[in-house]
2 protein chains.
Amino acid sequence: MSKLDNKNAQPDSSCLIEKLSQFIDLSGVDKDLLATLEKSSQQFDRHEQVWGVDTQLENMYVVKQGWLITYTILQDGRRQVLELHYPGDVIGSSDIPFRHATSNLMAVEPCVLCPFPKSAIDVIFRESPRLTALIFTLAMIDKSINLDRIRILGRMSARERLAHILLEIHSRLSLTGGVSENQYRLPLSQFDLGDAVGLTNVSVSNGLTHLEEDGLISRSKGMVELKNIDRLTKLSDYINRYHEVDISWFPDAST
Amino acid sequence: MSKLDNKNAQPDSSCLIEKLSQFIDLSGVDKDLLATLEKSSQQFDRHEQVWGVDTQLENMYVVKQGWLITYTILQDGRRQVLELHYPGDVIGSSDIPFRHATSNLMAVEPCVLCPFPKSAIDVIFRESPRLTALIFTLAMIDKSINLDRIRILGRMSARERLAHILLEIHSRLSLTGGVSENQYRLPLSQFDLGDAVGLTNVSVSNGLTHLEEDGLISRSKGMVELKNIDRLTKLSDYINRYHEVDISWFPDAST
DNA sequence: AAACATATTTAATCTAGTTTAAATCAACAG
DNA sequence: CTGTTGATTTAAACTAGATTAAATATGTTT
């Protein structure tokens, strides 16, 4: 648990403000509110656990750098990866209703996180309807992605599941500039990928090889390229949830 | 689409107020707010669709009577049931961020729903931080149940999945008095159940028969009895999410 | 009560993905 | 450059659950 307080954190370039400004214009009041909340950033090593099941959660986090996963472990030791987290994500809203964390959160590579107190959510609800709407919306987008995951786990073949999650990652990374020429860095092992879509590492290897042979993707040195997005989309019945988001109903910026 | 407006709906016994009062004390102001929002109730027949994918959502609903399911259909016609909805549920918050519905909503038996306009959420965010916290919390509980579903779909055997969903239903119905002596009415067919946990109806039949032979459950005339909750819980690694909910942080009732 | 439609059970066969294990490949420290 | 560690690939044997289909059971309508 070697969480190093990063003393170099610049208080003026807040992670939260940066993240949330991508979606809506923030008023000065909202920015001041967010600035108050944010603590100095923390670094985490590869495979370091940020919190575990039954940790009493003090903080939520904005991801400044690196990928993380939430996961659970079954009695027999098998693992199910529940959610992937990327730079720009707000992590922890799912656990707000609960006294303890409901899953484990682990860095899959070196990460920088910006914590802010869980209790801040209460302040936001009271002070800023507009920020409230935004945080609610982000949580609901995550939820719809979870429902898509349920769909592929319940009813799809190995190839389809893999195509689907590669597209999902592609969509999410595109939001924050992590994709160019349909190519992105994929820091997940085939174990991680398998645990996310309910397959063994062996099936992941076979499936990816197969997709590559069919010319749908190509891989090299931790990078993936989606060579035929149309066919991948059709194969896995993929829907980009980020494209349909409607923020027109948000309350006006507080004066 | 024979949605019958129920002219007998009593405006003074609001579904929303009744539902939300189960969790927190509502101030007079909050009650007035909710009363304004609610429309007259609607009835739906067995297997009638309330909304479909790509319906432009006008309303959210409180379930007054009957069970419903949200589901999606794959290209090949197979179905995945995403969520179960019971009397007392608020349906539709997942779709708030989106212009169109992301799934289909269908009554599995005759239902009575109380619609309120989707736009009301904006009013609630602006007027009542306390109601906001409640609605957010309910959505996050649903989300954690979705994550549990991902877990069982990704990594559990047929028997374990069935034990898990029977316990999940048990926990939820217990909240609103739908269980006595660990026995409850289960209006879902084995097709429905299978589509919820990623199995065929044949595997559901086999699995339930097996659980019954082992003395873990018993069935008769659309009722299920959980005869050994401890063993079912251990078998499926079940966690009752409703037990860990913490509402102590909610903003005070507005004055 | 008879007739029909719908659900459930049972059984035989088949297959996608698991399991296990060995071989190959890649990354990196010394 | 080499040895070590971890990740990926490949292959063979196995199995849980799918598929298909027929037999019962249950419920509803007339």
Side-chain angles (χ1 to χ4, degrees), chain A residues 45-47 67 69 74 76-81 108-110 152-166 185-213 217-224 235-236, chain B residues 45-47 67 69 74 76-81 106 108-110 152-166 185-214 217-224 235-236:
Chain A
D45 296 333
R46 187 175 124 94
H47 291 176
W67 290 33
I69 53 177
L74 311 199
D76 61 5
R78 301 176 78 190
R79 184 179 68 156
Q80 175 65 42
V81 168
V108 296
E109 58 179 344
I152 69 164
L153 287 173
R155 291 297 181 217
M156 284 192 176
S157 72
R159 294 189 70 199
E160 292 165 339
R161 294 181 200 190
L162 289 166
H164 196 277
I165 200 168
L166 291 178
R185 192 178 60 90
L186 182 66
L188 301 174
S189 72
Q190 293 185 352
F191 285 93
D192 297 331
L193 229 34
D195 288 343
V197 296
L199 298 170
T200 59
N201 67 315
V202 176
S203 293
V204 172
S205 176
N206 290 333
L208 290 179
T209 304
H210 202 177
L211 288 175
E212 195 162 29
E213 284 166 0
I217 65 169
S218 76
R219 295 173 288 166
S220 67
K221 302 244 305 164
M223 302 287 290
V224 185
L235 171 64
S236 64
Chain B
D45 297 332
R46 188 175 124 96
H47 290 175
W67 290 33
I69 55 177
L74 310 199
D76 62 3
R78 301 176 78 190
R79 185 178 69 157
Q80 175 66 41
V81 168
M106 190 187 82
V108 296
E109 58 179 344
I152 69 163
L153 286 173
R155 290 296 181 218
M156 285 191 176
S157 71
R159 293 189 70 199
E160 293 165 338
R161 294 181 200 191
L162 289 167
H164 195 278
I165 199 166
L166 290 178
R185 192 179 60 89
L186 183 65
L188 300 175
S189 73
Q190 294 185 351
F191 285 93
D192 297 331
L193 228 35
D195 287 344
V197 296
L199 298 170
T200 58
N201 67 315
V202 176
S203 293
V204 171
S205 175
N206 290 333
L208 291 179
T209 304
H210 202 178
L211 288 176
E212 196 162 27
E213 283 167 1
D214 290 355
I217 65 169
S218 76
R219 295 173 288 166
S220 67
K221 302 247 306 163
M223 302 287 291
V224 183
L235 170 65
S236 65

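Only heavy atoms go into these numbers, but all of them, side chains included; no hydrogens, no water, no symmetry mates. The structure presented is a predicted model; accordingly, all values stated were derived computationally and were not measured. Residue numbers start from 1 in every chain, and the chains themselves are labelled A, B, ... in the order their sequence lines are given, proteins ahead of strands.
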Exercise. Yes or no on side chain to side chain contact (heavy atoms under 4.5 Å, CB included) for B:S205 and B:V202, after CA distance, side-chain angles and deciding distance?
Worked result: CA-CA 5 Å; B:S205 175; B:V202 176; 5.8 Å; no
For this session: Assess whether side chain to side chain contact (heavy atoms under 4.5 Å, CB included) is satisfied between B:L162 and B:I217, documenting all intermediate values.
Result: CA-CA 11 Å; B:L162 289 167; B:I217 65 169; over 6 Å; no
For this session: Go through A:L186 and A:L193 one step at a time and tell me if the side chain to side chain contact (heavy atoms under 4.5 Å, CB included) criterion holds.
Result: CA-CA 10 Å; A:L186 182 66; A:L193 229 34; 4.1 Å; yes
Exercise. Stepwise, does the side chain to side chain contact (heavy atoms under 4.5 Å, CB included) test hold for A:T209 with A:R219?
Worked result: CA-CA 9 Å; A:T209 304; A:R219 295 173 288 166; 3.6 Å; yes
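At the heavy-atom level, B:V202 lies under 4.0 Å from base atoms of the strands shown. Residue contacts for B:R46: at a heavy-atom cut-off of 4.0 Å it reaches the sugar-phosphate backbone alone, with no base atom in range. Residue-level contact check: A:R219 touches the backbone only, with heavy atoms under 4.0 Å from sugar-phosphate atoms and none from bases. Nucleic acid contact class of A:S189 (heavy atoms, under 4.0 Å, all strands): sugar-phosphate only.
From A:L208, atom CG reaches atom OG of A:S218 across 11.5 Å, with rounding to the nearest 0.5 Å. Rounded to the nearest 0.5 Å, atoms CG (B:N206) and OG1 (B:T200) are 8.0 Å apart. Of the inter-residue distances, the one linking B:H164 atom NE2 with B:R159 atom CZ reads 15.0 Å to the nearest 0.5 angstrom.
Taking every heavy atom of both residues into account, A:E160 and A:L235 meet most closely at CG-O, 3.6 Å. Contact between A:I165 and A:A196 at its shortest, heavy atoms only, is CD1-CB, 3.8 Å. Scanning both residues, A:Q190 and A:V204, for their nearest heavy atoms gives O-CG2, 3.7 Å.
Scored by the side-chain contact (heavy atoms from CB on, under 4.5 Å) test, A:R185 finds A:W67, A:E109, A:P187, A:M223 as partners (sequence neighbours excluded).
Comparing A:R161 and B:L208, the nucleotide of DNA chain C nearest to each residue sits closer to the 5' end for B:L208. Residue order along DNA chain C, read from the 5' end via each residue's closest nucleotide, puts B:N201 first among B:N201 and A:A158.
Checking side-chain atoms of A:R161 against main-chain N and O of A:G198 turns up a donor-acceptor pair under 3.5 Å.
When DNA chain C is scanned in the 5' to 3' direction for atoms under 4.0 Å from non-hydrogen atoms of chain B, the outermost contacting nucleotides are C:dA7 to C:dA11. Of all nucleotides in DNA chain D, those with any atom nearer than 4.0 Å to a heavy atom of chain A start and finish, going 5' to 3', at D:dA7 to D:dA11.
The salt bridge (charged side-chain N to carboxylate O under 4.0 Å, His left out) contacts involving residues 187-202 of chain A comprise A:R79-A:D192, A:R79-A:D195, A:D195-B:R155, where partners must be two or more places apart or lie in separate chains.
Using a 4.0 Å cutoff on non-hydrogen atoms, no part of residues 193-200 of chain A comes near DNA chain D.
Axis orientation changes by 40° from one end of the helix from C:dA1-D:dT30 to C:dG30-D:dC1 to the other, with each end axis drawn from 5 pairs and the value rounded to 10°.
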